[in-house]
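Structure, as structure tokens:
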2 protein chains.
Amino acid sequence: MSTRDRLVATAAQLYGRFGYTGVGLKQVAAEAGVPIGSLYHFFPGGKEELAAEALRLSGQGYQLLVEGVFESAPDLVTGIRTCFDSAAEVLAASGYADACWIETVALEVASTNEPLRLVTAEIFERWIEAATRLVEAAGAVDAESARRFGIAIITGLEGAFVLSRSLRSPEPLHATGESLVAAAEAVLSARPGAGQSRAGQSRAGQPRAGKGGRR
Amino acid sequence: MSTRDRLVATAAQLYGRFGYTGVGLKQVAAEAGVPIGSLYHFFPGGKEELAAEALRLSGQGYQLLVEGVFESAPDLVTGIRTCFDSAAEVLAASGYADACWIETVALEVASTNEPLRLVTAEIFERWIEAATRLVEAAGAVDAESARRFGIAIITGLEGAFVLSRSLRSPEPLHATGESLVAAAEAVLSARPGAGQSRAGQSRAGQPRAGKGGRR
DNA sequence: GTCTATAAACCGATAGAC
DNA sequence: GTCTATCGGTTTATAGAC
């Protein structure tokens, strides 16, 4: 792993735990075992450039992770359930520390650092587009409602992360996931050619009970 | 307005824009027109005590605000719509700065400051209980699913704030609100004595069309 | 490319005069 | 209760030797 990659990786890790303003460059360099001068050699733009790079890398990482979960699920509804349930497991296993650090930084910079705000906006926009594609693949009617529900999945996940981390409980993630499952069934049953019962399959599997508990 | 109240109010304002680690006590004191010595006179616990007080005050304020919106709405579904739509208006009017600053601080302190984390947890728990009461008043079946959907309203709102602030667009708030409306109709139609069509009224009004647009 | 030293500004917190 | 000066430590960033 190159010096540069090590800096980006430890920056992502530290910004995730302490936030953007909560971590100094000296701390990042020390943790990565790199002198501060080398940091400015690779990132002449200083803290901002390093954070932008870390954000973009983590943003892509999170996207691939979630897309993988959905694509290996038999249908959209189980994809949503698996996504929120496994997020709850990972979060609890890390002592409620590792959720989505991009949202922490996004809130910190939203009104204070325009270049970094734009970086987070690009990441979120890509996530929305990816989620929209997943909903469309599940058979939702028009592009507009697919995007609308794709956004709801992202916002639900991010909001549940906040409460689950603060409360140190998986309950917000489970509850939000179940609410999105109910919404997905409603959205998908409204598509042309769908019966008015709860549906939601796109490529396999029998209709699930859907009312299910928190396992 | 007393010196003490002025400190708490400006602290809430500054922490909202720059985050907890992003604002110094000197800055708070200067903005409030108070010498730093007086700040430590009223808050011997320093930054942490001041932030805790500001969090509790703002937490109660947000709760009263949202409860007022829901209680003056004819039913749960229009309460949700009004809540998300007016939040989008307020946010846009402030240049996408004033959403919910408690979540910014909650993420910052979640893994770094246990006393403040507990303060945010208490606030979120009260919000959940308030939201649960609103859902129960709308006629949802059991206490468990009422709490589950109450949580989803809070997490949806908080998550939508993150994306709307980052993207500087009302779209995430509108999309999340519509998704919660669909989920509410599904949850409420499952209650005993309800037809299996989409419902959602609790005290007034005819059944709405429910599929409606973004106005 | 690597590393050290340092500048200039800021941080939270305290002491002590008034 | 108000206000100032200051301590010790941190921040971002740069200069310059190697």
Side-chain angles (χ1 to χ4, degrees), chain A residues 1-55 101 104-105 107-109 111-117 119, chain B residues 1-55 101 104-105 107-117 119-120:
Chain A
M1 202 179 192
S2 78
T3 300
R4 213 191 102 106
D5 293 345
R6 204 150 16 102
L7 281 168
V8 176
T10 63
Q13 199 175 331
L14 289 175
Y15 290 148
R17 306 243 174 196
F18 307 105
Y20 178 68
T21 51
V23 179
L25 289 183
K26 239 169 195 167
Q27 195 179 341
V28 175
E31 193 88 7
V34 171
I36 187 73
S38 295
L39 192 153
Y40 275 93
H41 169 72
F42 290 109
F43 303 95
K47 190 176 192 179
E48 196 174 289
E49 189 183 346
L50 175 62
E53 187 92 353
L55 280 169
W101 70 273
T104 310
V105 176
L107 288 174
E108 282 185 281
V109 304
S111 301
T112 58
N113 188 314
E114 186 64 8
L116 286 183
R117 193 220 108 218
V119 173
Chain B
M1 205 178 190
S2 77
T3 301
R4 213 191 101 105
D5 292 346
R6 202 147 21 99
L7 281 169
V8 176
T10 63
Q13 200 175 330
L14 289 175
Y15 289 147
R17 306 243 175 196
F18 306 104
Y20 178 68
T21 51
V23 179
L25 288 183
K26 244 168 190 165
Q27 195 178 342
V28 175
E31 192 89 6
V34 171
I36 186 75
S38 295
L39 192 154
Y40 275 93
H41 169 72
F42 290 108
F43 302 95
K47 191 177 193 179
E48 196 174 288
E49 188 182 347
L50 176 62
E53 187 93 355
L55 280 169
W101 70 272
T104 310
V105 176
L107 287 175
E108 283 184 281
V109 303
S111 301
T112 58
N113 188 315
E114 185 64 8
L116 285 183
R117 193 220 106 217
V119 173
T120 66

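Only a predicted model underlies this, so the values are computations on that prediction, with no experimental measurement involved. Below, read A as the first sequence line, B as the second, and so on, with proteins coming before strands; counting in each chain starts at 1.
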Tell me every residue that passes side-chain hydrogen bond (donor to acceptor under 3.5 Å, both in side chains) with A:T21, counting only those two or more places apart in sequence or in another chain. A:E108, B:T21
Counting any heavy atom closer than 4.0 Å, what does [X] reach on the DNA or RNA strands: base, sugar-phosphate only, or nothing?
{"X": "B:G24", "result": "sugar-phosphate"}
{"X": "A:Y40", "result": "base"}
{"X": "A:V28", "result": "nothing"}
{"X": "A:G46", "result": "sugar-phosphate"}

With a strict under 4.0 Å distance from non-hydrogen atoms of chain A, what nucleotide opens and what nucleotide closes the contacted stretch of DNA chain D, reading 5' to 3'? D:dT11 to D:dT14
Roughly, in whole Å, what's the span from [atom1] in [X] to [atom2] in [N]?
{"X": "B:F42", "N": "C:dT14", "atom1": "CZ", "atom2": "P", "result": "17 Å"}
{"X": "A:L25", "N": "C:dC10", "atom1": "CG", "atom2": "C1'", "result": "15 Å"}
{"X": "B:L14", "N": "C:dG12", "atom1": "CG", "atom2": "P", "result": "12 Å"}
{"X": "B:H41", "N": "C:dA13", "atom1": "NE2", "atom2": "C1'", "result": "16 Å"}

Quick one: [atom1] on [X] to [atom2] on [Y], what's the gap to the nearest 0.5 Å?
{"X": "B:F43", "Y": "B:L25", "atom1": "CZ", "atom2": "CG", "value": "10.5 Å"}
{"X": "B:T10", "Y": "B:Q27", "atom1": "OG1", "atom2": "CD", "value": "10.0 Å"}
{"X": "A:T112", "Y": "A:Y20", "atom1": "OG1", "atom2": "OH", "value": "8.5 Å"}

Around B:E49, counting heavy atoms of other residues, nucleotides and ligands shown, do more than 12 lie under 6.0 Å from its CD? yes
Residue pairs, two or more places apart or on separate chains, that pass salt bridge (Lys or Arg N to Asp or Glu O under 4.0 Å) and touch residues 7-23 of chain A: A:R17-A:D98
Would you mind telling me which residue lines up with the more 5' stretch of DNA chain D, B:K26 or B:T3, judged by nearest nucleotide? B:T3
